[in-house]
Every structure is written in structure tokens, then in C-alpha cells.
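Below is one structure; the comments refer to it alone.
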There are 2 protein chains.
Amino acid sequence: MSSNVTLKQIAKELGLSAMTVSRAINNKDNVDEKTRERVLAKAKSMGYTPNHLAKSLVSQKTYTIGVVIPEISHSFFPEVVRGIEEVTYEKNYQLILTHSAEKFEREQSAIETLRSKRVDGIMISCSQTTRNNSFYKNLTNIGVPIVFFDRCIDGIGLSCITVNDKTGAKQITQHLINHGYKKIAHLRGPQGVSIGKKRFEGFKEALSEAHLELDEKLVADTGFQEEGGYEAMKKILELPKEEWPDAVMAVNDPAAFGAIEAIKEAGLSIPDDIAIVGFSDDIRAELLPVPLTTVQQPAYEVGKKAAQKLIRLVEDDEEKHENIEVLTELMIRSSCGCK
Amino acid sequence: MSSNVTLKQIAKELGLSAMTVSRAINNKDNVDEKTRERVLAKAKSMGYTPNHLAKSLVSQKTYTIGVVIPEISHSFFPEVVRGIEEVTYEKNYQLILTHSAEKFEREQSAIETLRSKRVDGIMISCSQTTRNNSFYKNLTNIGVPIVFFDRCIDGIGLSCITVNDKTGAKQITQHLINHGYKKIAHLRGPQGVSIGKKRFEGFKEALSEAHLELDEKLVADTGFQEEGGYEAMKKILELPKEEWPDAVMAVNDPAAFGAIEAIKEAGLSIPDDIAIVGFSDDIRAELLPVPLTTVQQPAYEVGKKAAQKLIRLVEDDEEKHENIEVLTELMIRSSCGCK
DNA sequence: TTGTACGCGTTATCAA
DNA sequence: TTGATAACGCGTACAA
């Protein structure tokens with residue numbers, strides 16, 4: 001248990017003051033070259049490691065950024081984290097990763113803890129159960145910059161880095177419409193979460209621009225997981241047969257996977273009986289028996305852009321908040337009946 | 001930029017000493033109930049957040065654990081992180097996540113930084129380029145507990161939590177042997193990395209116990225990625241046709257994926273011409289046109305066990321280092337010719 | 001029940 | 001070029 005070596009200990013060994021040792025180690029120029037060499041040698045032999053806690057206490061800067069993620073094993077987020085890490089590594093910031101497990105309470109407590117650790121900035125992707133309440137409004141003035149990514153809270157003046165959910169959803173819906181589908185169902189994500197809401201908006205806009213009516217019965221609520229998609233699709237298939245949709249647009253790929261199960265169980269085939277499309281280009285989408293048409297989200301880009309924005313906010317007081325959209329790409333495969 | 005509120009500031013507002021405020025906020029019993037209420041109300045209205053940096057400086061404890069990961073977007077590691085997070089959340093520790101990007105130098109600097117941040121413990125999974133040199137030997141006596149997971153450095157007395165790589169590799173090789181394959185190739189992982197070495201050992205042991213000879217030409221080196229597998233397989237297929245293997249055991253699934261590409265390109269079919277098996281049960285393995293027989297690694301369990309071990313080392317001086325193996329499971333699918 | 005002094009490891013500032 | 005002092009925010013130990 002070799003306890004940690006301090007500047008003072010090195011100073012004592014060398015008959016110097018802690019201050020001189022500090023200067024030598026931090027490469028200040030007002031140190032005699034011989035002194036510096038002695039200090040560095042001693043520091044090395046004693047196994048000195050600077051104490052960032054003490055440094056940060058003085059400098060009011062931790063070079064640490066907190067990240068709040070709703071679901072680590074969701075394939076999207078590790079990619080985002082890789083993008084974030086790419087930027088923070090280069091800029092010499094460390095990352096404290098917290099996981100809300102889709103629970104608003106854990107999200108709040110994570111943010112509190114990050115503040116206590118005096119991180120220089122916080123990046124948040126909201127949980128499914130997050131609501132835009134006073135908690136977030138109070139967060140706009142706490143001094144530490146906050147940036148949302150992927151799942152955001154709108155209208156409180158904080159930066160938000162997303163994919164273009166609305167446009168992407170609109171495009172893929174239009175793709176279905178252009179191929180002649182008329183009765184299109186939507187497996188709708190949580191409307192309290194921005195991506196759920198925006199994708200639904202894109203869906204509606206595509207329908208209305210094509211003068212197709214929105215059939216409320218063909219809109220079923222789901223979470224972001226397979227089970228939800230499965231249940232939602234089953235509910236739709238409980239309608240009289242003549243009301244069944246000829247195509248389904250799911251809020252994301254996992255929901256689509258669940259729906260595909262339900263469609264298969266009902267003895268229907270994809271895309272002949274019912275076409276289906278997703279959103280997110282999950283790693284599995286391409287590998288399904290009938291590969292899933294979906295919208296690719298550049299997760300890595302989202303992470304990078306979000307981290308860059310946050311660091312700019314951290315390092316430059318003049319920097320202003322803004323919303324940034326990263327462009328999605330339509331991935332056309334067989335499940336929509338195209339190939 | 002409302003700078004952070006301190007105990008002293010609250011004290012001043014209330015005409016108390018900082019000490020009393022501290023006691024009130026930390027629920028010590030020797031505070032007048034009325035005083036406590038006044039303090040808590042004031043703290044809330046002023047937006048007080050305790051400064052963990054200062055606390056840690058005094059207590060010499062950060063309730064933070066550092067994690068060094070070689071590749072975040074490799075599907076195995078996010079699962080491990082989820083397991084780690086599960087444990088640390090419950091025990092009230094925070095996680096600093098660092099990413100070595102498979103580079104030993106980044107791994108070293110990450111560890112240095114974590115030490116500077118005075119984390120209570122460090123969890124490491126080595127990069128592909130890591131070598132067991134003096135750097136790691138020096139790490140055994142630095143005071144902060146270290147635990148390896150998945151990719152370890154042996155023989156320096158630190159804990160290591162892995163899946164049973166050797167036995168798993170042996171079992172899946174035996175599975176091939178039992179089905180009559182005689183010329184089995186191995187796409188071998190980096191031998192400086194424990195999993196690469198152990199899986200190769202398991203492979204060899206299965207062969208020798210079955211009295212099959214190891215054909216050096218059928219052992220091709222690969223990294224842990226698809227490209228490496230692709231190249232390695234191509235190299236094997238450059239041998240005269242009569243020397244081709246009838247089965248291939250890859251160090252992991254991504255390498256197998258790459259090899260499958262090479263096999264297809266050569267116009268061969270799986271498993272009829274060449275059977276192939278992997279290791280790790282990547283999320284994609286099951287979804288291939290010919291689902292891949294592989295070894296499932298309980299990544300989540302590895303993370304949990306590793307975190308539990310580390311926290312025990314952190315909290316109990318008596319706790320000793322040990323190696324823990326989490327059991328793998330053979331996932332039999334079609335690529336080995338069984339189904 | 002409340003307050004004062006001191007130390008955690010470091011750096012900024014001013015003096016020598 | 002070097003050193004002494006104070007301060008960062010908090011908690012322990014002791015005194016009032």
C-alpha cells in the first residue's frame with residue numbers, strides 16, 4: 001500500500017520547497033536546470049503521480065466530461081461513445097460514463113453526482129421516462145455546460161445534437177408511399193421522448209403531403225424495445241382483417257424486429273402481405289431472413305459533433321447553444337418490397 | 001455562470017460557521033433541528049452541490065473506478081460495461097471509462113491519468129499490442145487495486161476475470177473432431193494477448209488428445225477483426241487444394257466473418273466444403289445465411305464478477321487476488337455441419 | 001449545540 | 001532562482 005507521494009515529500013528529500021518541485025515538474029521556466037533534473041529524477045524514483053484532485057480544486061477545472069446514457073447495450077450508444085471518446089481523447093478530457101437504465105430518477109441522480117465531481121461539462125441522452133419538468137429548467141443556469149444528444153429536451157435553450165429524425169422518418173414513409181402502399185401503420189415511440197415525437201411527425205407529414213388519411217387505429221404505441229414492437233403489432237393484427245395495414249413503419253429497428261415476430265406468428269409474409277421498415281440500422285437489420293429497410297443513423301458522427309460542441313462551450317464563454325442535425329441515409333433492402 | 005456555492009457561503013448567509021452547515025447537510029446528529037432546517041432550506045435555495053473533489057482530497061477516497069477498454073464498439077465490451085455498471089451503481093461508485101483503441105501507449109497513459117484522478121481501483125482489458133513488460137510489473141505495488149478482465153497479464157499476481165477460453169476452445173474443437181473433421185485449421189489470435197494464447201492452447205490440446213497432428217501450415221495469424229480473418233483465410237486457401245482444411249476454428253467471430261467472406265469468394269460452400277466455427281457469439285452470428293457455430297461468452301457476467309472483485313479489493317485490505325473463470329457455452333448452429 | 005484550528009495536495013502571488 | 005503564505009472546499013479533532 002505505498003501511499004501516494006506528494007510534492008512536499010519530494011521537496012523534503014531534496015531539501016527544497018514544495019513550490020520549486022512543483023515548478024520543476026510542471027516545466028515552468030523559472031527553475032534552474034540542474035534543480036529540475038534533480039527533481040525529475042527524484043520524482044521518478046519515488047513514483048510520483050500528480051494529484052488531479054488537488055489541482056482541480058485550485059484550478060476549478062477537472063478536464064472531465066460526464067456522459068449520461070440510457071442504455072449501454074443498445075448498439076447505437078457504444079458507437080456514439082466511440083465518437084465522443086475520439087474527440088475527448090484528442091482534447092485531453094476524461095469521460096465519466098453513467099447509465100440511467102431508462103430511468104429518469106437514475107438520470108437525475110447521475111447528473112447530481114457529475115456536478116459533485118465538478119465535471120467541466122455534461123452530455124445527456126434522455127431516458128424513456130424523462131419528462132421536461134423543472135429539473136431540467138433548473139439545469140440551464142448551473143454554470144456547467146450541458147449538451148443533449150439523440151434524445152433531447154427542447155425549448156430550454158440547451159444544445160441538441162440529433163440525427164434528422166423527422167426528415168428521415170418522412171423519407172422512409174414516402175418511400176413506402178411511392179411504392180404504392182396506402183394503409184400504412186406506425187409503431188409509435190414514446191411521445192415524451194424527442195425521437196419518438198419527431199419520427200411520428202415525419203410519418204404524419206409524409207402521409208398528409210400524399211393526401212393519405214391518418215388512421216388512428218393503425219397507430220400503436222411501443223417503447224424502443226422488441227417486446228413493445230411485438231405487442232403493438234399484435235394489437236394491430238387484432239383488428240378486423242380488412243382494416244389491416246399493407247405496410248408498417250416502426251419507430252426503430254428493435255420495435256420492427258418485434259413486429260416481424262408478430263407478423264410471422266400470424267402466418268403472414270413479409271413484404272408480400274405486410275411490408276415493414278424500421279429506423280436506426282441496427283447491426284442485425286441487414287442479416288434478417290428478409291433484410292430490413294431502415295434509416296441509417298451516423299451514431300459515431302453524433303458522438304463526435306456532440307463532444308466537439310460541448311468542449312467549445314466549455315472552453316469558450318462566447319460560444320452559444322445551437323441544435324445540430326446529422327444527416328441520415330435511407331438503407332433500402334427487401335422488407336419494403338423493393339428488392 | 002453561477003459559480004458553485006460553498007459551505008462557507010451558506011454559513012455567511014445564515015450567520016453560522018461552515019462547520020455547522022457541514023454537519024447539518026451531512027445529517028450529523030449533533031445539530032439543532034431548527035438549525036438543520038434553516039440550513040437545508042438555504043442550501044436548496046442557493047443550489048448547493050457538495051464538492052466531491054474537496055471531500056476526496058480529505059478522505060483519500062473518490063468512489064470512482066477506472067475502466068480501460070480496448071475497443072468500445074466491439075459488441076462484447078458494451079455488455080461487460082453494463083455488468084460493471086450494474087455493480088458499481090449499486091455500490092455507489094462512479095465509472096471513468098477510457099479507451100485504448102488497441103494501443104498499448106494509450107493504455108499506459110490512460111492508467112496514468114486514472115491514477116492522477118485517484119480512482120479507488122482500476123479494471124483493465126489489455127490492448128492487442130500490450131506486452132507484459134516492466135510497466136505492468138510496476139503496477140502491482142502502487143496502492144490502487146487492479147483487476148484484469150477478458151484480456152489479462154498473467155503471472156504478476158493481479159486478479160483476472162475471464163471466460164474459460166482454453167476449455168471453450170478445446171470443446172468447440174472437439175465438437176469438430178467428433179463430427180469427423182480431420183484437417184482443422186486455426187485462425188490464431190495475437191499470442192501476446194491472453195485470449196489469443198489460451199484459445200490456441202485449447203485448440204492444440206483437443207487435437208493432440210484426438211491424436212491428430214497439428215499442421216503448422218493450417219495455423220494462420222489474425223487480429224481480432226474481420227479484415228484479419230479475411231486475410232488469414234485467403235492465405236490458407238493459397239495452399240495447394242489437397243492441403244486445404246475441412247474445417248476452420250477461428251479465434252473469434254469477427255475473424256470467422258472475415259474468413260467466411262474469403263471462403264465464399266473462393267467459390268466454396270459452408271459447411272459442405274469447409275466447416276467453420278467461431279468464438280464469442282457475436283450478435284450477428286445467429287443471423288448469418290449459415291448461422292455460425294460458436295462459443296457464447298457471458299460478457300455481462302464477466303463485467304459483474306470483475307467489478308465485484310475489484311470493489312472487494314478496494315474495501316477490504318484482507319481480500320486477496322485470484323483468477324475467476326466464467327463458464328462459456330457451446331452454441332451449435334449450422335456452420336459446423338450439424339444442423 | 002456550535003465554533004476554531006488544521007490538514008488534504010496543489011498552485012498563485014508576492015517577497016527574498 | 002527560490003521560498004513563504006494563502007487559498008481551493010471540506011471534514012476531523014478539539015475547545016467553548
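For the numbers below, each heavy atom of this structure counts, side chains included, while hydrogens, waters and symmetry mates do not. Quick note on labels: first sequence line is chain A, next is B, and so on, each numbered from 1.
- Listed by first and then second residue, the disulfide bond (SG atoms under 2.5 Å apart) pairs involving residues 55-103 of chain A amount to none (not counting sequence neighbours).
- Within the structure, disulfide bond (SG atoms under 2.5 Å apart) pairs that include any residue of residues 12-51 of chain B do not occur (at least two apart or interchain).
- For residues 26-34 of chain A, proximity to DNA chain D is found at A:N30, A:V31, A:D32, defined as any non-hydrogen atom under 4.0 angstrom from a strand atom.
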Enumerate the protein-to-nucleotides 14-16 of chain D contacts in which both atoms are nitrogen or oxygen and the separation is below 3.5 Å.
none

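- Checked against side-chain hydrogen bond (donor to acceptor under 3.5 Å, both in side chains), B:T49 has the following partners two or more places apart in sequence or in another chain: A:R115.
- By the side-chain hydrogen bond (donor to acceptor under 3.5 Å, both in side chains) test, B:R131 pairs with no residue at all, sequence neighbours left out.
- The side-chain hydrogen bond (donor to acceptor under 3.5 Å, both in side chains) search around A:S45 returns none, not counting sequence neighbours.
- Within residues 49-65 of chain A, the residues having any heavy atom under 4.0 Å from DNA chain D are, by residue number, A:L57, A:V58, A:Q60.
- With the end axes of the helix from C:dT1-D:dA16 to C:dA16-D:dT1 each set by five pairs, the angle from one to the other reads 50° at 10° resolution.
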Let me have the donor-acceptor pairs involving side chains of residues 63-70 of chain B, under 3.5 Å, with sequence neighbours excluded, atom names and distances please.
{"residue": "B:T64", "atom": "OG1", "partner": "A:K117", "partner atom": "NZ", "Å": "2.5"}
{"residue": "B:T64", "atom": "OG1", "partner": "B:T62", "partner atom": "O", "Å": "2.9"}

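- Looking at residues two or more places apart in sequence or on another chain, you find a disulfide (SG to SG under 2.5 Å) between A:C152 and A:C160.
- Sorted by first and then second residue, the side-chain hydrogen bond (donor to acceptor under 3.5 Å, both in side chains) pairs with a member in residues 86-96 of chain B read B:K61-B:Y93, B:Y93-B:E315; sequence neighbours excluded.
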